[in-house]
Participant: 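Take a look at this one; I'll ask things after.
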Amino acid sequence: MYYFVHPTTALEGHVKIPGSKSQTARGLILGTLAKGTTRVQNPMLNLDNYDIAECCRRLGAAVDTTNDEEWVITSPGLEGLEIPGAVLDVGNSGTGFYFLTTLAGMLKGKSIITGDYQICYRPIQPLLEAMRVMGAKCVSTRDNELAPLMIEGPLEGGHTVYLNGKNVQWAIGLMVCCPALNGTTTIKFDNLGERPYANLTMDWMKAAGVYLENHDYEEFVIPGNQQYHPFTKRTACDWCSASYPMVAAAIMKEKKTIRLDGMDINDFMGERHYVDWINAMGGSVTVADEGRGGVFVEGGHELHGIDIDCGDTPDAVPALSVLGCYAKGKMTLTNLAACRMKETDRAHTIAIELRKMGAHIEEGEDSMTIYHSPLHGAAIDGHDDHRIVMATACAALGAEGDSFIDSVEHVGVSFPRFFEEMRGIGARIERLSES
């Protein structure tokens, strides 16, 4: 499927932002660990979370996703989960991949875990090495420390493990599973990045009645023999999804305003800083009643480049790169290690695609410098990466001339109604089934 994007000078109206992808995933996993009935309200109805839900069913939980307002997980609890009779296929979900690899290690017996072709190249060796220290057998079927994986538990508590801090996803599964082990488990990091995702994980653990000790993000100490409790919790609206209409509105030529409803400026997600970033660049973003009264983004302002550390917000790199193209001077993005380990090397991939549109971008090992660049229409490869598709669609709205973008069906991974919501505020985008 393709987007045919025409230049657009103004965006105006309301945007409905879906619930948090990351929070929904944590609710599914913790609900599966807890004995009883857990309710996740305002779930994100995306491909990743449906795949996680199916994996939880294969482990023995009943997951009802028929109500779009509330998903219900009824589980026998960790002690009642079973080795799945089928492969645990996480699809394109990196979060699901790391959570379910660890959860499989809690069970006595062998589980097979895989995903789509991108998951089969997602780095996971640091997690596998930690699980081996804790007594699990972890085998890569291709002998390259990548999926497909065969995991045989059970994991044992009482160990200290060391993880590279570049990718917090290597830790999230251990964070939520280790409270059930006998003995205290300690996870040590060297310079943990993506800390908002660690905070988010701890918040959902608290809802399930389990906890860990956070020692300044240098180590997590996780007491064992804790019990998971079922819970009811509402996800916040997703700031990462909100960033795309925010960026698109900010680069428009006319002073028209979009409104995002249901946001929370105090949310854990680092992408809430788009409010600060766009304002620091000379744009106009106002927040009413901490987001409950709406987040308003006005176009028609001259932007200028700033420097942004992306260590806590790796998913923001593609959209920030687009902002940099439309800002006077230059924008420098640093601390990019985590964003290179997603569905694609997002720093390099967005640079390739924006250059097709005329962008001047310099890449360093851990940084990018984006210079003010008049963009023109082009044929864009979405690389089967939802964030590349959405970022380049935003870039194309402000460009001179039309653009084609392929593999746009992948927006279903994180923002299933991206097309409808953008069209609703005036974006001139057509969706085509053939090139």
Participant: Check whether F231 forms a cation-pi arrangement with R26 (NZ or CZ under 6.0 Å from the six-membered ring centre, at most 45° off the ring normal).
Facilitator: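 Not flagged: R26 not positioned over aromatic ring of F231.
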
Participant: Output the distance between atom CD1 (I380) and atom CD1 (I388), rounded to the nearest 0.5 Å.
Facilitator: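 Rounded to the nearest 0.5 Å, the CD1-CD1 separation comes to 10.5 Å.
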
Participant: Which pairs would a plain distance check flag for residues 171-178, meaning a side-chain donor or acceptor within less than 3.5 Å of a matching protein atom at least two apart in sequence or in another chain?
Facilitator:
none

Participant: May I ask you to say whether E420 pairs ionically with R423, meaning some side-chain N is under 4.0 Å from a carboxylate O?
Facilitator: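 Here E420 does not pair with R423 in a salt bridge, since their nearest N and O are not under 4.0 Å apart.
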
Participant: Please find the pair of heavy atoms, one from N49 and one from M44, that lie closest to each other, and give the distance.
Facilitator: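 Nearest heavy atoms, N49 then M44: ND2-O, 3.4 Å.
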
Participant: Checking side-chain polar atoms at under 3.5 Å, does D51 have a donor or acceptor matched by the opposite partner on S93?
Facilitator: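 Not at all, the side chains of D51 and S93 share no donor-acceptor pair under 3.5 Å.
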
Participant: Has R234 got a side-chain atom pairing as donor or acceptor with Q41's backbone, closer than 3.5 angstrom?
Facilitator: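 Between the backbone of Q41 and the side chain of R234 there is no qualifying donor-acceptor contact (under 3.5 Å).
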
Participant: Determine the minimum heavy-atom distance between A327 and G305, stating which atoms define it.
Facilitator: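 Nearest heavy atoms, A327 then G305: CB-N, 3.6 Å.
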
Participant: Can a salt bridge be assigned to the pair E129 and R132 using a cut-off of 4.0 Å between side-chain N and carboxylate O?
Facilitator: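 Between R132 and E129 there is no salt bridge, as every charged N stays at least 4.0 Å from the carboxylate O atoms.
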
Participant: Does S321 reach the side chain of L333, with side-chain heavy atoms less than 4.5 Å apart?
Facilitator: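 A side-chain contact exists here, since the closest heavy-atom pair is under 4.5 Å.
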
Participant: Check whether any side-chain N or O of R142 sits under 3.5 Å from a backbone N or O of P148 as a donor-acceptor pair, and report yes or no.
Facilitator: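 Side chain of R142 to backbone of P148, a donor-acceptor pair under 3.5 Å: no, none is there.
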
Participant: For the residue pair C120 and T114, what are the closest heavy atoms and their distance?
Facilitator: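 Reported closest heavy-atom pair: SG-OG1, 3.6 Å.
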
Participant: If I compare all heavy atoms of A208 with all of L30, which pair ends up nearest, and what's the gap?
Facilitator: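 Closest heavy-atom pair between A208 and L30: CB-CD2, 4.1 Å.
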
Participant: Rounded to the nearest 0.5 Å, how far does CE of M341 lie from SG of C339?
Facilitator: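 Rounded to the nearest 0.5 Å, the SG-CE separation comes out at 9.0 Å.
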
Participant: Measuring only between side-chain heavy atoms, which start at C-beta, is Q23 closer than 4.5 Å to L200?
Facilitator: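 Yes, at least one pair of side-chain atoms sits under 4.5 Å.
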
Participant: Return yes if some donor-acceptor pair links the side-chain N/O of S407 with the main-chain N/O of D384 below 3.5 Å, else return no.
Facilitator: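 Yes.
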
Participant: Determine yes or no for a side-chain-to-main-chain donor-acceptor pair under 3.5 angstrom, with W170 supplying the side chain and P123 the backbone.
Facilitator: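 Judged by distance alone, yes, a pair lies under 3.5 Å.
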
Participant: Could you grab the distance from atom CE of M368 to atom OG1 of T334, nearest 0.5 Å is fine?
Facilitator: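 The OG1 atom of T334 is 11.5 Å from CE of M368, to the nearest 0.5 Å.
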
Participant: Do the ring planes of W277 and H273 sit parallel (below 30°), tilted (30 to 60°) or perpendicular (above 60°)?
Facilitator: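 W277 vs H273 ring planes: tilted.
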
Participant: Should D264 and R272 count as an ion pair when the cut-off is N to O under 4.0 Å?
Facilitator: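 Salt bridge absent between D264 and R272.
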
Participant: Does the side chain of R346 come within less than 4.5 Å of D315's, by heavy atoms?
Facilitator: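 Side chain of D315 against side chain of R346, heavy atoms only: contact under 4.5 Å found.
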
Participant: How far apart are the C-alpha atoms of Y162 and D190, what are their side-chain angles, what is the distance that settles it, and do they pass the side-chain contact (heavy atoms from CB on, under 4.5 Å) test?
Facilitator: CA-CA 8 Å; Y162 297 83; D190 56 342; over 6 Å; no

Participant: Are the side chain of Y98 and the backbone of V168 linked by a donor-acceptor contact shorter than 3.5 Å?
Facilitator: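 Between the backbone of V168 and the side chain of Y98 there is no qualifying donor-acceptor contact (under 3.5 Å).
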
Participant: Would you check, one step at a time, whether the test salt bridge (Lys or Arg N to Asp or Glu O under 4.0 Å) holds for E400 with K253?
Facilitator: CA-CA 12 Å; E400 292 293 326; K253 296 177 181 178; 3.6 Å; yes

Participant: Is a side-chain donor or acceptor of T286 paired with a backbone partner of S284 at a separation under 3.5 angstrom?
Facilitator: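 Not at all, since once roles are kept as given, no pair shorter than 3.5 Å links the two residues.
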
Participant: Taking the side chain as C-beta and beyond, is there a heavy-atom pair between I370 and C325 under 4.5 Å?
Facilitator: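 I370 vs C325: side chains touch.
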
Participant: When rounded to the nearest 0.5 angstrom, what distance separates CG in L88 from CD1 in I112?
Facilitator: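 Rounded to the nearest 0.5 Å, the CG-CD1 separation comes to 9.0 Å.
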
Participant: Decide yes or no on side-chain contact (heavy atoms from CB on, under 4.5 Å) for I306 and M331, but give the supporting numbers first.
Facilitator: CA-CA 5 Å; I306 59 175; M331 173 179 280; 4.2 Å; yes

Participant: Side chains of E145 and S140: any donor to acceptor distance under 3.5 Å?
Facilitator: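 No, because no side-chain N or O of S140 sits under 3.5 Å from a partner of the opposite role on E145.
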
Participant: Do the ring centers of W71 and Y50 come within less than 6.0 Å of each other?
Facilitator: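 Yes, the ring of W71 comes within the 6.0 Å limit of the ring of Y50, centre to centre.
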
Participant: Judged by atom type as modelled, is there a donor-acceptor pair below 3.5 Å linking the side chain of R428 to the main-chain atoms of P7?
Facilitator: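 Looks like yes, one N/O pair under 3.5 Å.
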
Participant: Would you say the side chain of I124 lies within less than 4.5 Å of the side chain of T101, judging by non-hydrogen atoms?
Facilitator: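 Sidechains of I124 and T101: in contact.
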
Participant: Verify the neighbour count for atom NZ of K356: are there more than 12 heavy atoms of other residues, nucleotides or ligands below 6.0 Å?
Facilitator: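 Yes, because the 6.0 Å sphere around NZ of K356 holds more than 12 heavy atoms from other groups.
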
Participant: For T9 and E254: C-alpha separation, side-chain torsions, deciding distance, then whether side chain to side chain donor-acceptor pair (under 3.5 Å) applies.
Facilitator: CA-CA 6 Å; T9 59; E254 296 184 20; 3.1 Å; yes

Participant: Fit a plane to each ring of Y244 and F418, take the angle between them on a 0 to 90° scale, and name the class: parallel (under 30°), tilted (30 to 60°) or perpendicular (over 60°).
Facilitator: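 Geometry flag for F418 against Y244: perpendicular rings.
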
Participant: What is the distance from atom OH of Y3 to atom CE of M390, rounded to the nearest 0.5 Å?
Facilitator: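 Taking OH in Y3 and CE in M390, the distance rounds to 8.5 Å.
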
Participant: Which pair of non-hydrogen atoms, one from C55 and one from L100, has the smallest distance, and what is that distance?
Facilitator: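 That closest heavy-atom pairing would be CB-CD1, 3.5 Å.
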
Participant: Using a 3.5 Å distance criterion without hydrogens, assess whether the side chain of S241 forms a donor-acceptor pair with backbone atoms of S414.
Facilitator: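 Yes, S241 side chain to S414 backbone: donor-acceptor pair under 3.5 Å.
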
Participant: Is any side-chain heavy atom of R57 less than 4.5 Å from a side-chain heavy atom of T65?
Facilitator: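 In contact.
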
Participant: Measure the shortest side-chain to side-chain distance between I29 and W204 over non-hydrogen atoms and say whether it is less than 4.5 angstrom.
Facilitator: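 Not touching, per the 4.5 Å side-chain cut-off.
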
Participant: Look at K233 together with D203 and state whether they make a salt bridge at an N to O cut-off of under 4.0 Å.
Facilitator: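 Yes, K233 and D203 are salt-bridged.
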
Participant: For H376, does the NE2 atom sit with more than 12 other heavy atoms under 6.0 Å from it, leaving out its own atoms?
Facilitator: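 Enclosed.
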
Participant: Quick one: do M131 and L155 satisfy side-chain contact (heavy atoms from CB on, under 4.5 Å)? Show the steps, please.
Facilitator: CA-CA 7 Å; M131 291 175 63; L155 293 168; 4.0 Å; yes

Participant: Knowing that exactly one of H383, H410, H386 qualifies, which makes a side chain to side chain donor-acceptor pair (under 3.5 Å) with E343?
Facilitator: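 Single pass found, and it is H386.
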
Participant: Would you mind checking if K342 and E194 are paired as a salt bridge, meaning a charged N to carboxylate O distance below 4.0 Å?
Facilitator: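 A salt bridge links E194 with K342.
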
Participant: So how far is it from E69 CD to R39 CZ, rounded to the nearest 0.5 Å?
Facilitator: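 Those atoms lie 14.0 Å apart.
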
Participant: Answer with yes or no whether the side chains of Y197 and N167 bring together a donor and an acceptor at under 3.5 Å.
Facilitator: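 No - no donor-acceptor pair under 3.5 Å links their side chains.
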
Participant: Assess the residue pair Q169 and F97 against the criterion (side-chain contact (heavy atoms from CB on, under 4.5 Å)); give the C-alpha distance rounded to whole Å, side-chain angles, the decisive distance to 0.1 Å, and a yes or no.
Facilitator: CA-CA 9 Å; Q169 289 187 313; F97 181 41; over 6 Å; no

Participant: Does any non-hydrogen side-chain atom of I429 lie less than 4.5 Å from one of R431?
Facilitator: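 A side-chain contact is absent here, since even the closest heavy-atom pair is not under 4.5 Å.
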
Participant: Between the main-chain N or O of I17 and the side-chain N or O of E421, is there a donor-acceptor pair closer than 3.5 Å?
Facilitator: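 Between the backbone of I17 and the side chain of E421 there is no qualifying donor-acceptor contact (under 3.5 Å).
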
Participant: Is there a donor-acceptor pair under 3.5 Å between the side chain of N191 and the backbone N or O of G165?
Facilitator: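 Flag not set: sc N191 to bb G165 has no pair under 3.5 Å.
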
Participant: Testing the basics here: between A337 and K166, what is the closest heavy-atom pair and its distance to 0.1 Å?
Facilitator: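 So the two residues come closest at CB-CD, 3.9 Å.
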
